[in-house]
Amino acid sequence: MAWEEVEDRTGRRWERTDGDAVVSVRETATGEWAVTYDRLRQAPEGEAYRRETCESEADAVALAAEWRDEGIDK
């Protein structure tokens, strides 16, 4: 499935082209970087949510790319 980066005032955000999933990266209040994956219940694969933190923005962006490329269920 294809992803498109969309504008996000608090970090970076990618939406799946079917609109059923979002991956986002943002800096937390503690200075860590949060990565979230949120897939809607009505998505063909079903509902999914995951959140992890990384120490750097580069690590967070790399994790977000991994989740977009491979999915979080694998």
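Quick note: numbers below take in every heavy atom, side chains included, and nothing from hydrogens, waters or symmetry partners. We count residues from 1, following the sequence as given.
Annotation: the span from R26 atom CZ to T53 atom OG1 amounts to 10.5 Å, rounded to 0.5 Å. Taken to the nearest 0.5 Å, the SG atom of C54 stands 9.0 Å off from the CD atom of E32. Here Q42 contributes atom CD and E47 contributes atom CD; the two are 9.0 Å apart, rounded to the nearest 0.5 Å.
Side-chain contact between R39 and R16: present, with at least one pair of heavy atoms (C-beta onward) separated by less than 4.5 Å. Side chains of E52 and W33 form no contact here, defined as non-hydrogen atoms less than 4.5 Å apart.
Considering E5, E57, E7 as possible partners of R12, the one that fulfils the side chain to side chain donor-acceptor pair (under 3.5 Å) test is E5.
Under a 4.0 Å N-O distance rule, the pair E15/R13 qualifies as a salt bridge.
Here the closest non-hydrogen pair linking D20 and A43 is OD2-CA, 3.5 Å. For V35 against V25, the heavy-atom pair with the smallest separation is CG2-CG2, 4.2 Å.
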Evaluation steps, side chain to side chain donor-acceptor pair (under 3.5 Å), between D38 and T36:
CA-CA 6 Å; D38 192 7; T36 58; over 6 Å; no
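Grouping the Ile, Leu, Val, Met, Phe, Trp and Tyr side chains by contacts below 4.5 angstrom, directly or via other members, places W14 apart from L40. In terms of hydrophobic clustering, with Ile, Leu, Val, Met, Phe, Trp and Tyr side chains grouped at heavy-atom distances under 4.5 Å, L63 and W3 are assigned to a common cluster.
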